[in-house]
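Down below is the structure, laid out as structure tokens.
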Amino acid sequence: MIRMPSSGGVLRAVGVVAVTGAVAASLAGHGANPHGETAFGPSAPAADTVSYKEDVLPIFQKRCAKCHGAKDEEGEVVAEVSLIVINYERLMMGSEFGPVITAGDPVDSWLLEMITEGDMPPEGEGDKVPEEEIAVIRQWIAEGAKNN
Ligand code: HEC
């Protein structure tokens with residue numbers, strides 16, 4: 001009967017220590033980066049949402065379309081390995097080998113790997129995709145590769 005409340009007291013004391021530790025840690029976090037919460041707050045991702053039509057499509061039009069979706073002089077659509085990147089539905093269907101975009105997963109998206117490695121556009125067929133454009137495509141995929 002005497003030990004029960006005593007051990008309860010010990011548990012409560014431990015709880016207080018843990019809470020105090022958490023508060024101290026979060027205060028230390030604020031001290032280290034006072035603007036962290038606003039920079040990465042809930043409103044930031046919404047404001048930065050990448051659009052397929054507005055942001056991604058122009059990159060593909062400029063760098064990829066001549067081999068993956070544009071028409072040649074005879075009016076025939078050019079689709080190397082059956083991949084068309086300037087039409088959302090076709091892009092998500094992938095190439096004759098399978099999907100090239102995994103919505104929400106940039107690391108698993110073959111298209112992103114190809115442009116990051118400098119394999120697309122092929123050597124001598126255009127400049128390597130600049131890092132800031134790769135970042136746009138990466139973010140679009142991370143946000144779910146939406147038809148937006
Ligand atoms: C000059 C023509 C040309 C251009 C420009 C080009 N591609 Fe390709 N692409 C090809 C050819 C040919 C292949 C198939 C052979 C290979 O993989 O090298 C291919 C293959 C691919 C594949 C692999 C498909 C698979 O399932 O293996 C992806 C992804 C791809 N291209 C994306 C792009 C993107 C994105 C761009 C623009 C940044 C681009 N390509 C620009 C000709 C081109």
Side-chain angles (χ1 to χ4, degrees), residues 8 10-148:
V10 169
L11 283 176
R12 268 199 300 278
V14 168
V16 169
V17 169
V19 168
T20 310
V23 170
S26 81
L27 285 175
H30 287 135
N33 181 10
H35 302 296
E37 297 242 317
T38 42
F40 302 102
S43 62
D48 290 338
T49 295
V50 174
S51 155
Y52 174 72
K53 283 188 212 76
E54 303 288 328
D55 307 307
V56 175
L57 186 57
I59 298 171
F60 287 160
Q61 291 278 14
K62 180 176 164 207
R63 302 187 181 277
C64 323
K66 69 171 175 175
C67 303
H68 296 292
K71 287 181 179 154
D72 63 16
E73 304 90 75
E74 283 95 54
E76 298 279 328
V77 173
V78 183
E80 293 287 359
V81 291
S82 305
L83 176 64
I84 292 179
V85 297
I86 56 170
N87 172 279
Y88 177 81
E89 281 78 21
R90 284 297 304 263
L91 171 60
M92 298 311 284
M93 279 169 61
S95 76
E96 62 193 55
F97 304 113
V100 296
I101 302 277
T102 304
D105 193 350
V107 173
D108 195 44
S109 291
W110 183 231
L111 183 147
L112 194 67
E113 185 166 331
M114 297 284 280
I115 58 177
T116 307
E117 298 292 318
D119 293 333
M120 281 294 142
E123 232 186 312
E125 297 285 358
D127 296 335
K128 188 181 183 304
V129 183
E131 187 48 50
E132 56 268 28
E133 292 182 14
I134 293 176
V136 167
I137 296 166
R138 184 185 293 116
Q139 191 181 338
W140 172 71
I141 296 171
E143 289 173 352
K146 298 194 195 85
N147 186 10
N148 55 359

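We count ligands from 1, going down the list as the structure has it; atoms in each ligand are counted the same way. In this text the structure is predicted, and so the values were computed from the model without any measurement.
In terms of polar-atom proximity, defined here as any N/O pair under 3.5 Å, R63 makes no such contact with ligand 1.
The contact set between ligand 1 and E125, taken as ligand atoms under 4.0 Å from a residue heavy atom, comprises 1 (C). For ligand 1, the atoms lying closer than 4.0 Å to a non-hydrogen atom of V100 are 26 (O), 29 (C). Here is the list of ligand 1 atoms found below 4.0 Å of a heavy atom in F97: 25 (C), 26 (O), 27 (O).
A salt bridge links E131 with R138: at least one charged nitrogen is closer than 4.0 Å to a carboxylate oxygen.
Around CD of E123, the count of heavy atoms belonging to other residues, nucleotides or ligands within 6.0 Å does not exceed 12. Within 6.0 Å of CD on E96 lie more than 12 heavy atoms contributed by other residues, nucleotides or ligands. Annotation: D72, atom CG; neighbour count of heavy atoms from other residues, nucleotides and ligands within 6.0 Å is above 12.
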Please evaluate residues V56 and V136 with respect to the criterion side chain to side chain contact (heavy atoms under 4.5 Å, CB included), reporting the C-alpha separation (whole Å), side-chain torsions for both, the decisive distance (0.1 Å), and the verdict. CA-CA 7 Å; V56 175; V136 167; 4.3 Å; yes

Let's go through K66 and E80 carefully: what are the C-alpha distance in whole Å and the side-chain angles of both, what is the deciding distance for salt bridge (Lys or Arg N to Asp or Glu O under 4.0 Å) to 0.1 Å, and is it a yes or a no? CA-CA 9 Å; K66 69 171 175 175; E80 293 287 359; over 6 Å; no

Using the side chain to side chain contact (heavy atoms under 4.5 Å, CB included) rule, take E89 and I84 through it: C-alpha gap first, then chi angles, then the decisive distance, then the call. CA-CA 9 Å; E89 281 78 21; I84 292 179; over 6 Å; no

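Annotation: protein N, O or S atoms under 2.8 Å of atom 8 (Fe) of ligand 1 (waters excluded) comprise H68 NE2, M120 SD.
The proximity of L111 to ligand 1, defined as any non-hydrogen pair under 4.0 Å, involves the side chain as well as the backbone. Contacts between V129 and ligand 1, counted as non-hydrogen atom pairs separated by less than 4.0 Å, involve the side chain only.
Protein heavy atom in closest approach to atom 27 (O) of ligand 1: W110 NE1, 3.1 Å. Nearest protein neighbour of atom 25 (C) of ligand 1, counting heavy atoms only, is S95 OG, 3.3 Å.
Protein heavy atoms are absent from the 4.0 Å sphere centred on atom 15 (C) of ligand 1.
For the atom pair H68 NE2 and L83 CG, the distance stands at 5.0 Å (nearest 0.5 Å).
In terms of modelled atom types and a separation under 3.5 Å, the side chain of R63 and the main chain of M120 share no donor-acceptor contact.
When each of T49, I101, I59 is checked for a side chain to side chain contact (heavy atoms under 4.5 Å, CB included) with W140, only I101 meets the rule.
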